[in-house]
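Quick note on labels: first sequence line is chain A, next is B, and so on, each numbered from 1.
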Protein chains: 2
Amino acid sequence: MSNDKKDHILNVAIELFAEKGFEGSSIRDLAAKADVNVAMVNYYFGSKDKLFEALIEQKAGFMRGILDELRTNTSLTEIQKIDHIIEKYVDRFFSQPLFHKVLQQEVLVSQRASMHEHVIGLFVKNTEDVVAIIEKGIRKKIFRKVDPQLTFSSIVGTINHVMMSKTMCMKMLNKDPGYDPYKDEHFKKRLLIHLKQMIHAHLLINNDL
Amino acid sequence: MSNDKKDHILNVAIELFAEKGFEGSSIRDLAAKADVNVAMVNYYFGSKDKLFEALIEQKAGFMRGILDELRTNTSLTEIQKIDHIIEKYVDRFFSQPLFHKVLQQEVLVSQRASMHEHVIGLFVKNTEDVVAIIEKGIRKKIFRKVDPQLTFSSIVGTINHVMMSKTMCMKMLNKDPGYDPYKDEHFKKRLLIHLKQMIHAHLLINNDL
DNA sequence: AAAAATTAATCAAACGTTTGTTTAATTCAA
DNA sequence: TTGAATTAAACAAACGTTTGATTAATTTTT
């Protein structure tokens, strides 16, 4: 069982699904693009659906470890924790932009019910952890009385939105064709600064710039 | 040419595409759900692709009129204009949640190139208008020196994110199954208040709460 | 160490379905 | 009665999947 080949198929699948969607991609397309025989996909993964599950399983849950650590961490202030979460999310999205497009599709479309519920479950768990941090900040009177759930929605929503479409991002930033915003370290920094600035202004009672 | 029937097919198509995606929905599914003969879809629209184009064309561009008006409007302050834009966006998303899921899919997946470019073009135009308002606010020293493009991304991204999945939204808010957040006037108000609060804190130099 | 047996990987071809679309016949309305 | 609306049936193409044969690699037996 060559894991090299399995991984290769998975990586090509992410590219293909990110561009054409899961239902819009055929196994024949995938096999051709990955330069393997059509039968190999089913040989390795069992079915197209199971390939998709393997794909999601491999890379989802990326924030679990970080949020678990933050929950027991007592040395960081609440705003430091939020900053850290923002950094990790931006890092993750920029290092795996195509995978996150596939993940967004799965949240958006509820075709494969169990996978859909699974992905949403992961996200809801993340939300609960971040909400707990914000609520603690509020109790400590470091944070304003904001809406914790929607504050997290703004963080993830902003990143999601910027990562939705390379074309949109490019045109929004008045860049030439050929420019890839997701490989531009400067743009990543720009997004980070914006998010932190906005969330600080939103959360902090004493926000000395 | 009964427009009633055409509209009926389009409305059922929005429901179906929002749930299963465009590629995930077959014309037979659509015909059955709309209770018409399979051939009627091609009779009225020519093809599945053209049905989709008609669907997008009918409802996209919903912000054009509002933004055009705001561009020439001199009686509103910049922050009032931003508030107005937030209100109109939230209104629109809450009145057409399923359509906006379909629209998001189209931005996310670039399967049908020309339609994809068209939708993104509309959005980029909206961005330019909002950016212009924010930049004027900055020049007038009413607004902080924020990132105008990403500020707009945060507004749309927050709404988009909340509208992505009913299930996610429900679970995030700890609601029982059966609850529909998009029909809950209270939740709509909650989103509005959060967005305005956050954007005010972010933009305004003198933000007296 | 050589031969035999077993397992894993790969392939082209074919399977039965489902797909979007078209046809040709029929019903309906003006 | 004419043109539009509607239908069931049929179309080729594409779909995910399975098959049975073949090769390559590994393990077991002698």
Side-chain angles (χ1 to χ4, degrees), chain A residues 1-58 102 105-106 109-116 118, chain B residues 1-58 102 105-106 109-116 118:
Chain A
M1 172 83 70
S2 127
N3 262 350
D4 285 4
K5 202 156 213 167
K6 269 187 90 166
D7 284 352
H8 175 242
I9 293 176
L10 276 180
N11 288 331
V12 175
I14 291 178
E15 279 181 50
L16 196 66
F17 294 169
E19 187 194 339
K20 307 200 176 195
F22 175 76
E23 325 282 348
S25 309
S26 74
I27 291 198
R28 283 174 179 82
D29 282 349
L30 174 56
K33 191 168 172 147
D35 200 30
V36 298
N37 189 275
V38 235
M40 296 314 291
V41 176
N42 285 282
Y43 176 74
Y44 279 122
F45 297 97
S47 70
K48 194 191 176 190
D49 278 331
K50 283 186 191 153
L51 157 74
F52 190 74
E53 286 175 31
L55 190 157
I56 298 289
E57 213 55 50
Q58 194 196 41
V102 178
Q105 287 175 38
E106 185 54 29
V109 174
S110 44
Q111 181 83 300
R112 294 153 297 285
S114 75
M115 186 59 3
H116 181 75
H118 175 63
Chain B
M1 171 84 68
S2 124
N3 261 350
D4 285 4
K5 203 157 212 168
K6 268 186 92 167
D7 283 352
H8 175 244
I9 293 176
L10 276 180
N11 289 330
V12 175
I14 290 178
E15 279 181 50
L16 196 66
F17 294 169
E19 188 194 339
K20 308 202 175 193
F22 176 75
E23 326 282 347
S25 309
S26 74
I27 291 198
R28 281 172 180 82
D29 282 350
L30 173 58
K33 193 168 170 144
D35 200 30
V36 298
N37 189 276
V38 239
M40 295 314 290
V41 176
N42 284 282
Y43 177 74
Y44 279 123
F45 297 97
S47 71
K48 194 191 177 192
D49 277 330
K50 282 187 192 153
L51 156 73
F52 189 74
E53 286 175 31
L55 191 156
I56 298 289
E57 212 55 50
Q58 194 197 41
V102 177
Q105 288 175 36
E106 185 54 29
V109 173
S110 44
Q111 182 81 301
R112 295 153 296 285
S114 75
M115 184 61 359
H116 181 75
H118 174 63

Can you check the K50(A) NZ to dT18(D) C1' distance for me, whole Å? 14 Å
Between F45(A) (CZ) and dT18(D) (P), how many Å, whole number? 16 Å
In whole angstrom, give the distance that lies between atom CZ of F52(A) and atom P of dC15(D). 18 Å
Figure out the CG/C1' separation between D4(A) and dT10(C), and round it to whole Å. 16 Å
How close or far is atom P of dT19(D) from atom CG of N42(A), stated in whole angstroms? 11 Å
Would you kindly give the NZ-to-P distance between K5(B) and dA29(C), to the nearest whole Å? 11 Å
Can K48(A) be said to sit on top of F22(A)'s aromatic six-ring, NZ or CZ under 6.0 Å from centre and within 45° of the ring axis? yes
OP1 or OP2 of dT6(D) under 4.0 Å from side-chain N/O of Y44(B): yes
Do L10(A) and L51(A) have side chains that get closer than 4.5 Å, going by heavy atoms? yes
Of residues 17-38 of chain B, the positions that come close to DNA chain D - non-hydrogen atoms, cut-off under 4.0 Å: R28(B), N37(B)
Side-chain donor or acceptor of H116(A) paired with backbone N/O of Q111(A) under 3.5 Å: no
Closer than 4.0 angstrom, basic N to acidic O: yes or no for E23(B) and R112(B)? yes
K6(A) NZ to dT10(C) C1': how many Å, rounded? 16 Å
Verify the contact: side-chain N or O of K48(A) to OP1 or OP2 of dC15(D), cut-off strictly under 4.0 Å; return yes or no. no
Do you know the tightest heavy-atom contact between Q105(B) and A18(B)? NE2-O, 3.8 Å
Between dG20(D) atom P and Y43(A) atom OH, what is the distance in whole Å? 17 Å
What pair of heavy atoms forms the shortest contact from V109(A) to E19(B), and how long is it? CG1-O, 3.4 Å
